[in-house]
Amino acid sequence: MNKIGETTLEINLSALAHNYRFLRSKIAPSTKFLAVVKAFAYGSDMVAIAQKMQSLGADYFAVAYAREGILLREAGITKPILVLHPLPINFEEIIDHHLEPNIYSPKILKAFIETAKKKGQVKYPIHLKFNTGLNRLGFWENDVDFIFEQVVDVPEVKIISLFSHLAASEDPNERGFSENQVNTFKKIAEALSQKLGYRPIRHMLNTSGILNYPDAQFEMVRSGIGLYGYGNHKEVDAQLRPVATLKTIISQIHQIEPNETVGYNRAFKSDGYRKTATLPLGHADGIGRPYGNGKAHVLIHGKKAPIIGNVCMDMIMVDVTDIDCREGDEVLVFGPQKSAEEFASGAKTISYEILTALSQRVKRLIVED
Ligand SMILES: *Cc1c(COP(=O)(O)O)cnc(C)c1O
């Protein structure tokens, strides 16, 4: 085993390739695949992940904000990049870097057309998002006529795709609601395509959508969490490989007497002789305070060591009373042997949150197997 020596997030590109093949096997060969790499590729390494996905044949990328897309362009990503949440202040740089905006409201449509005209564009690619029940971003069904009036005879922009987003794609109890969203989206896409006289690409499914509603894959799917090895479902998780493994080491070991306390606010009170290990990993690295006070644990030599007391900014303390371990030994926070989903559940949150919370301070190490 290679010695890491400090807190390290290993990013396994072979696991990424495995997950991509798994997700592709769930859809038709002709369906395009958009890789969602927003938020530093779910807290991993956006450039390394995007370069690998580009080499594996992903058709499209998506980021949340323009700045993320610019980083990808600067790193040499040449595939189309959809910006899911562009803001008017970003429109010029979106065009300068050939990023493709999600247009989600009448106001945004008008403003982007104005920018495209100002910058002398021809058929600049735009994507229209429709709200079919998530009630977050998107045009409404009754905006179709307005959209058509705005874009007809405007050669500066071209609608490349129409899309929507499921509100509860992972929840079997919401099947009726999801199917209703799909049907609403189909109707909208049909109505707008009829008016336009051509058929933009349609896409609606995220990772859980791909797994639960493959009939709604249309011409493209958008996957994030599945690529990183999590599928919001135990059986799916068993077939995916976590891309990110968070490891750290033991900085110091203490022997604690009965009735002593550990950490800020004296939150942990010892009920006997205890052995604790201090780890160089804290809330500034992404392990938030809800993980403290026994809510989550790490693995040391395969054994569970609960986080005791309050999480500090740069450190956590764990109870290693029953573990044979030394200063410098490796600690597993999450990874293939102990999923981020399980770790997150201790703090009553989800894999998405713990992964994307990992701060840029944590060293990234790209590996393949
Ligand atoms: C983040 C995001 C996705 C990816 O969802 P996963 O559940 O991670 O696959 C897809 N579409 C939109 C609009 C998103 O914001």
Side-chain angles (χ1 to χ4, degrees), residues 16 19-20 22-24 26-27 31-44 46 49-50 53 58-66 68-69 72 80-87 99-105 108 126-139 160-172 174 178 181-182 185 189 201-214 216-233 236-237 239-240 242-244 339-341 344 349-358:
L16 178 71
N19 299 335
Y20 175 59
F22 174 81
L23 292 163
R24 274 241 66 120
K26 301 291 171 193
I27 56 174
T31 303
K32 288 179 192 293
F33 194 101
L34 177 152
V36 181
V37 295
K38 63 193 178 191
F40 299 105
Y42 289 45
S44 60
M46 186 171 62
I49 296 285
M53 286 308 301
D59 301 283
Y60 246 92
F61 289 102
V63 292
Y65 298 106
E68 300 174 299
L72 288 180
I81 300 171
L82 167 59
V83 178
L84 292 166
H85 199 164
L87 299 164
L99 306 171
E100 304 183 3
N102 164 22
I103 303 294
Y104 50 86
S105 73
I108 290 292
I126 62 173
H127 303 256
L128 302 185
K129 186 175 204 183
F130 288 90
N131 173 29
T132 54
L134 182 58
N135 292 329
R136 193 172 68 176
L137 284 186
F139 289 102
I160 294 291
S161 88
L162 309 176
F163 73 112
S164 188
H165 197 38
L166 294 170
S169 59
E170 73 290 347
D171 188 350
E174 296 290 359
S178 299
Q181 282 194 271
V182 171
F185 174 63
I201 297 169
R202 297 167 297 170
H203 48 112
M204 182 146 202
L205 302 182
N206 65 346
T207 299
S208 290
I210 294 169
L211 300 165
N212 297 329
Y213 302 94
Q217 64 191 267
F218 299 107
E219 290 77 46
M220 186 159 80
V221 297
R222 308 183 300 268
S223 178
I225 199 76
L227 287 175
Y228 307 105
Y230 294 95
N232 301 320
H233 195 285
V236 178
D237 285 354
Q239 300 179 75
L240 294 169
V243 166
S339 84
E341 183 68 30
T349 183
I350 56 175
S351 57
Y352 294 79
E353 188 181 62
I354 183 66
L355 292 171
T356 58
L358 295 176

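Position 1 is the first residue of the sequence; numbering continues from there. As the structure lists them, so they are numbered: ligands from 1, and atoms in each ligand from 1. Here the structure is a predicted model, which means the values were calculated and not measured.
Contacts with ligand 1 closer than 4.0 Å are made by no heavy atom of N232, backbone or side chain.
Heavy-atom contacts of K129 reach the following atoms of ligand 1: 13 (C) (cutoff under 4.0 Å). Near R136, meaning under 4.0 Å from one of its heavy atoms, ligand 1 places the atoms 15 (O). The atoms of ligand 1 that sit less than 4.0 Å from any heavy atom of Y42 are 1 (C), 4 (C), 5 (O), 6 (P), 8 (O). Near K38, with a cut-off below 4.0 Å to any heavy atom, the atoms of ligand 1 are 1 (C), 2 (C), 3 (C), 14 (C), 15 (O).
Across all non-hydrogen atoms, the minimal contact from I27 to V221 is CD1-CG2, 3.8 Å. Here the closest heavy-atom approach between residue P86 and residue N102 is recorded as CG-O, 3.2 Å. Closest approach of Y230 to L240, counting heavy atoms only: C-CD1, 3.7 Å. Between Q181 and H165, the closest heavy-atom pair is NE2-O, 3.1 Å.
Ring centroid separation for the pair F218 and H203 does not come in under the 6.0 Å cut-off. Residues Y104 and F130 place their aromatic rings such that the two centres sit no closer than 6.0 Å. In this structure, H127 has its ring center under 6.0 Å from that of Y60.
Any N or O atom pair closer than 3.5 Å counts here, and F163 shares no such pair with ligand 1. Ligand 1 has no N or O atom lying under 3.5 Å from any N or O atom of G226, backbone or side chain.
Summary of contacts: the protein heavy atom closest to atom 11 (N) of ligand 1 is R222 NE, 2.8 Å. Nearest non-hydrogen protein atom to atom 5 (O) of ligand 1 is N206 CB, 3.4 Å. When hydrogens are left out, the protein atom nearest atom 7 (O) of ligand 1 is Y352 OH, 2.6 Å; that is the closest non-hydrogen contact. Closest to atom 9 (O) of ligand 1 among all protein heavy atoms lies T207 OG1, 2.5 Å. For atom 12 (C) of ligand 1, the closest heavy atom belonging to the protein is H165 CE1, 3.5 Å.
Side-chain polar atoms of S169 and N212 form no donor-acceptor pair below 3.5 angstrom.
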